[in-house]
Amino acid sequence: DAMKAAGADVIVILGDTPDRAHHYAESLHTPFPVLADPERDVYIRFGLEKALLVIQRTASLVVDRHGVIRYIKRATNPMTWLQESRELLEAARALG
């Protein structure tokens, strides 16, 4: 709700098939879209290859209306997005 109030849209990009992305969104009841990247093009572009061939790297980005990345944070621990949610919200509000 805070992200919407800041004028931001949230999406998740899952490096898997559209069916798996749909299942992921349904199982977590996400209030935002979960997109599929079966070829992992986005992951490769942002240097998010798996660490030690097992641990999926993740990233959080804030992109302005012109497509310019204004905030990016990469992580190896997928749960760090919870810790950085305040940073993301501040970056989104700064664009407002």
Side-chain angles (χ1 to χ4, degrees):
D1 291 337
M3 288 297 235
K4 278 212 179 281
D9 293 315
V10 175
I11 63 167
V12 168
I13 301 174
L14 192 67
D16 213 326
T17 65
D19 285 341
R20 296 277 306 217
H22 178 74
H23 177 71
Y24 180 83
E26 277 191 343
S27 67
L28 294 179
H29 306 288
T30 62
F32 43 77
V34 177
L35 308 178
D37 179 20
E39 302 299 322
R40 302 180 63 83
D41 293 332
V42 174
Y43 284 73
I44 293 165
R45 180 175 180 185
F46 288 97
L48 301 174
E49 292 82 9
K50 290 184 179 183
L52 305 172
L53 303 174
V54 192
I55 303 168
Q56 180 58 59
R57 290 189 173 113
T58 63
S60 297
L61 294 91
V62 173
V63 181
D64 70 16
R65 297 189 192 289
H66 304 288
V68 176
I69 297 171
R70 300 296 180 173
Y71 170 95
I72 184 167
K73 188 168 198 175
R74 292 176 183 88
T76 301
N77 178 352
M79 295 309 293
T80 59
W81 70 270
L82 294 171
Q83 298 166 358
E84 68 193 25
S85 60
R86 278 182 249 170
E87 290 177 28
L88 284 167
L89 183 56
E90 288 174 18
R93 285 180 176 154
L95 295 177

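Just so you know, residue 1 is the first one in the sequence shown, and it goes up from there.
Neither Val42 nor Val68 shares a network with the other; the hydrophobic side chains, linked directly or stepwise wherever heavy atoms of I, L, V, M, F, W or Y lie under 4.5 Å apart, form separate groups for each.
Screening Val34, Leu28, Thr30 for a side-chain contact (heavy atoms from CB on, under 4.5 Å) with Val12, the sole residue that qualifies is Val34.
Here the shortest heavy-atom pairing between Ile13 and Tyr43 reads O-OH, 3.0 Å. Minimum interatomic distance between Phe32 and Val10 (heavy atoms only, all atoms of both residues): CB-O, 3.1 Å. Listed here is the closest heavy atom pair of Leu89 and Ala6: CD1-CB, 4.0 Å.
Here CD of Glu39 is found 11.0 Å from OG1 of Thr17. Values are rounded to the nearest 0.5 Å. Residue Leu95 holds its CG atom at 12.5 Å from CD of Glu90, rounded to the nearest 0.5 Å. Distance CZ/Phe46 to CG/Asp41: 11.5 Å, rounded to 0.5 Å.
Judged by distance alone, the side chain of Tyr24 and the main-chain N or O of Asp16 form no donor-acceptor pair under 3.5 Å. Arg40 places a side-chain N or O within 3.5 Å of a backbone atom of Gly15 that can act as its donor or acceptor partner.
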